[in-house]
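We use all heavy atoms of the structure for the numbers below, so side chains are in, but hydrogens, waters and symmetry mates are not. Residue numbers start from 1 in every chain, and the chains themselves are labelled A, B, ... in the order their sequence lines are given, proteins ahead of strands. All values reported here derive from a predicted model rather than from experimental measurement.
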Amino acid sequence: MANNVFAVEVFFIVFREALEAVIVISVLLAFLKQGLGKATDDPKVYKKLVRQVWFGAVLGVFICLVLGGAFIGAFYSLDKDIWSNSEDLWEGIFCLIATVVISIMGIPMLRINKMQEKWRLKLAQALVAKPKSKKTFFNINYNLKKYAMFILPFITTLREGLEAVVFVGGVGLDYPAKAFPLPVIIGLIAGIAVGVVLYYSGKTSSLQIFLVISTAILYLIAAGLFSRGVWFLEANVFNRKTGGDAAESGSGPGSYDITKVVWHVNCCNPLIDNGWDIFNALFGWQNTATYGSVISYNVYWLVLICILLLMLFEEKKGHLPFCKNLTLAKLNPMYYIKGKKQNLSEAEKEEIFQKANLQVKQMEVESLENSSKPVQLK
Amino acid sequence: MLKLFISLLGLFLFFLINLINAAEVKNFYLNATYVNVNLDGKYERQAIGCNDTYPWPTLEANKGDRIQLWLTNGLNDTNTTLHFHGIWQNHTNQMDGGDMISNCPIPPGGTFIYNFTLEQSGLYWYHSHTAGQFADGFRAPFVIHDKNTTSGEDEFPYEYDEEVILTISDWYHQDNVELTKDFLDLYNPTGAEPIPESLLINEGMNLTWKVEPNKTYLVRLVNTGAFVSQIFFIEDHQLEVVEVDGVYVEKNITDHIYVTSAQRYSFLLHTKNSTDKNFAIMQLCDQDMLDVPGNLNTNETSYLIYNEDADLPTEAYIYDWEDFLDDYYLSPLSGSELLEDPDYQIVVEVTMNNLNDGKNYAFFNNLTYVAPKVPTLMTLLSAGELATDAAIYGSNTNTFVLQHNEVIELVLNNADAGKHPFHMHGHHFQLVQRGPDYTDETDPVPYDEENADEFRDVPLSRDTVFVRPNSYIVLRFKADNPGVWIFHCHIEWHMIQGLSLILVEAPLQVQKDEGQQLTENHISICEAAGVLPSGNAAANTEDFFDLTNENVQVKDLPSGFTGRGIVALVFSCIAGILGIIVLGIYGLLPINEKKVIEDFGVESIELDETSSNDVQPNTKSSTSL
C-alpha cells in the first residue's frame, strides 16, 4: 500500500464535501441574518432559527460519521483474503475506480465557489416553493420556515457526508483502515476553515486560486492513479506468470518485466522505500515505468486537456466547436432523461417560478416590515 | 542387430571377467539411451539410461588400473559427454569430459573412448557434463578400491566386514530441457530453482537394507542429485566418517552428515548386537535451498532391517538443523600440511542477477560463463606460445592462467544468500577457510585476510565444498596438474546460469605432453559435432587475439534512465504541466451566472432580477455572504 497513514485522495474528498456543507450552512445563516434575523425582528426567533440550523447541520454530520464509520468498519472486517492472493489485480482495479471518482468530482470542485450561487438558489426555491394551501397559508409558511431551517442543513450535511463516505470508500479501497482517520480529520478542518474564511471575507477571487491549485493537485493524483492502475494490472499479469515470485524481490532486477519497461531505477520503490510513496500518491511515481503506465499517464492528461478546452470554448461561445446546437451537457444521456421531464412540465414550471418569486418577495417584504400581514398572491 | 547384441554381450562378459580378475585394464561399453522409468512410484517419465536399462552401472576398479570406456551417444536429439567426478586426469585432460571445456560434445550416434589411468582410490562418480543431463539419470557411483595389484590385498586404511554403496539424489518429473526452459526464463526472474519431486536413494524410494548384527559396514554415500543437499542419518546409530571425496580422513564420529550435490562420504557403521528392532534411515532435504513451494516430500525414510519379522521403523527426526558434521574440521589421514603462502591469489565474488533478457544469471566477478566456440583445451593446444594469455580463451569464460607448480589460493566470496557446493575439476583442494553463515547480515561478508581465523596445519582436502550464504571460502591447491579445469557450482541450475570459471593450468606443459595431444577419436568426434578442434574462443585460427563473433553474455540491464526513459519522463511532465495550465485557465474564468445555473441544473429562479424590481435594494444583496 502506498501510504499507510495519510490517504491524500481521502483528504481531498473530505475537504471538498466539508467545504460544500459549510457553504450551505453559511448561505442559510446569511439568509437568516438578512431575511429573518434583522435586528428589528424578534431576536428570540432568530436565535432559535440559528440554533436550528446548527442543530440540523451537526446532526447530519453526526449521522453520516456513524454511517461512514460503520461502512468502513464493515468493509475492513470483511475477510480480505479474497484479494490477498491477487493483490495487484485488486489494487489496479481500485486505482482505476478512484481515478473515475476523482475525475468526475474534480471539475465541479473547480467551480465550488459557484456553489454559493447554486445553494442560494436551491435554498430559496426550497423555502418558497412549498406552500400551496391558501387557507392556512401564513401559519404553514411560518412553520415550514421554522422546519426548513432544521431540515435543510440536516439534509445537506447528511447528503454531502454520505457522498463523502461513498467517494472515500471508492478511492480508499486499497488503503488500510488506519490510513483514514488523519486525512478525514484534516480534510474536515481544512474544509471548514476555507468555508469560514469564505463566509467572512466574501472574497471569491483568492478562493478561486486556492480551488484551482487544489483541483490541480487532485488531477495530478488522478493521473497518477490511472497510471498506477494500469501498472498494477500489468504487474498482476507478470506476477501470475512468475507465480507471484517477483513481488518478493523488491525493487531490484527481476521485480519487473524487462520487455515492457521504459525506465527502471533500483531505488525509490514506492512500495518499499519511505518517502517515495508520497510521490507515488501525488504523481503516480513508479521506479519501474512500463509502456502501459507512461502511455496511460499521458493519455489521461491529453483527454483531460481536450475536455477542458471544450468546456472553455463552450463557456465562451455557449456551444461546442463546429456544432452550434451542441453543448457538453447534451452529450450526457442523463440530459435527455431529465430534459424530457422538464419539457413536459414547462407550463407548470412557469407557474411555480412565478409563485416562488412572489414567495421570495413576500419573505423579504415580511421581514422588512416586521409585519405578519399575509401578502396576496397574484 | 543380433550381431550387435552378441558383440555387446561378449563385451559385457569381458567386462565381468575383467572385474573378477582385477586386471590392469578395465573396459566398459556404455550406450546412453532413453528409457522410461518410474523411480519414485509416482510418475513414469523418460530418463537417460544405459544400454536400454536403468540405472547406470556402478563402475568398480582398482587404484592403478587403466580405464577404457566406450561411450556411445544413443540419444537421438542431443549431444552428450561423460565426466568422472573427482578423477584428476593427470596427463589425460581430454578425458575429463567437460563439454566445450576439455571435450567436444559427442553428437548422436558418436562414440567417444575415455581412456585414463587411476591414481586415486575411494568413492567417485561419473555423470554427463552436458546441459542438465545428470538430472535425467545419467549418473552413477565409481568406486576405486585400494587393492594392491600385486598382493591382491585391500589396503583400505580401516577394518570393515562388508561394503555398501548408497546413492542419494533428487528427482524431477520433467526432463532437463523442459526444466531449463522454464527456469532460465523471463518469467522466473528470481532464478528460483525447480523443486524436485522426490528424494531418491539408490535410484528408488524407501530402500530396505538388511543388515546382520555386530558387523562393521563400510557405507559409501554419494549425492548424485542435481540440486538439493541432504542430511543423512540412521536412527540411533553413529556414523564413523573415514573418507571424504576420495580422501581418507581420521575417524570422525557423527550422527548426521550433510551431503551436497556431488559430495561423497564413506563411513563405518557398526551394527547393534540385538536384532529385536529395526531403524529408520533418513534423508532430509535442506529446505533453505527451496525458493518456492513444490510437491517435494522433504523427509524420506528408508529401513535398516535387523529383523524381518519386526515392525518397519517409522520416520525419525532431528532437533537441530545445524547439528551435522562440519567437514572443515576433518583431518586427512595423509597428514598433508597446509600449502605454503600462495604464489597467486584469485578472488572471485559470486552474485546472481538479471540481464537484459530478464533472465536470472549467476556471475563470478560480474561475468557469467558463456561457453566458447572452441573447447578451451583445443584453444590451448592450438595457440602455441599465446596459450599463456588468458585473452585468447574468450572474454566471457572467466579464464585464469596458472603457472606450473605454483601454489594457488582461490578466495570465493559468496555475495548470494544461498549455499553453493563448488567443485573443481582436476584437483583436490585444501579447505583453508570457511566463513560462518552471514544470512542475517545486510551485506555479504567478504574474506578478510588480515582478520582471518587461524589456519589449520593439516586442513581437509576434497573436490566439492559448500560455501555458506553471504560468506566465503578460501581454497588452496598446487598447480601441478597441467590442463584445463573448470571450477563451478555443482547445483546444475546454477551451472546453467553460468556459475563457472576456467583454470588454464600450465598451458605450455600441456602442449609439450605427448599424452595430452588430441586422440584421433576425439578429433573425429569434434568434426562430427561440427566443433572446430582448434582456434581461439571465437573459433578464429588465424589471429588468436581476434575475438570477433565470440559467444558473449546478454547485455546488462539498462541502469536508471536511458534515452527512452528520459523522453517518457519529460513527456509525462509536459503533459502534467500543460494539463494544470489548462485547468488553471478554465478555473480562473470569471463566473458566468447563467452557466452556473445550467451547470448545476438548478431551475432558474430569477431571484435577483425579479426581486430587484419590487423589493428595496438592501435585501437584494443577499448574496454578500
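Interatomic distance, B:Q497 CD to B:N353 CG, rounded to the nearest 0.5 Å: 11.0 Å.
Contacts of B:L569 with chain A are made by both backbone and side-chain atoms, with heavy-atom separations under 4.5 Å. Residue A:Y300 does not touch chain B at all, counting heavy-atom pairs closer than 4.5 Å. For A:L302, no part lies under 4.5 angstrom from a heavy atom of chain B. Contacts of B:N356 with chain A are made by both backbone and side-chain atoms, with heavy-atom separations under 4.5 Å.
Checked against side chain to side chain donor-acceptor pair (under 3.5 Å), B:T351 has no partners two or more places apart in sequence or in another chain. Legend: residues meeting side chain to side chain donor-acceptor pair (under 3.5 Å) with A:Y219, ordered by chain and number and at least two apart, are absent.
The shortest distance between side-chain heavy atoms of A:V294 and B:F571 does not fall below 4.5 Å.
B:Q287 and B:T298 are linked by a side-chain donor-acceptor pair at a separation below 3.5 angstrom, with hydrogens and angles left out of the test.
When the candidates B:G584, B:S572, B:A568 are compared by the number of heavy-atom contacts under 4.5 Å with chain A, B:S572 comes out ahead. Considering only heavy-atom pairs separated by less than 4.5 Å from chain B, the leading option among A:T259, A:I213, A:V262, A:V261 is A:V262.
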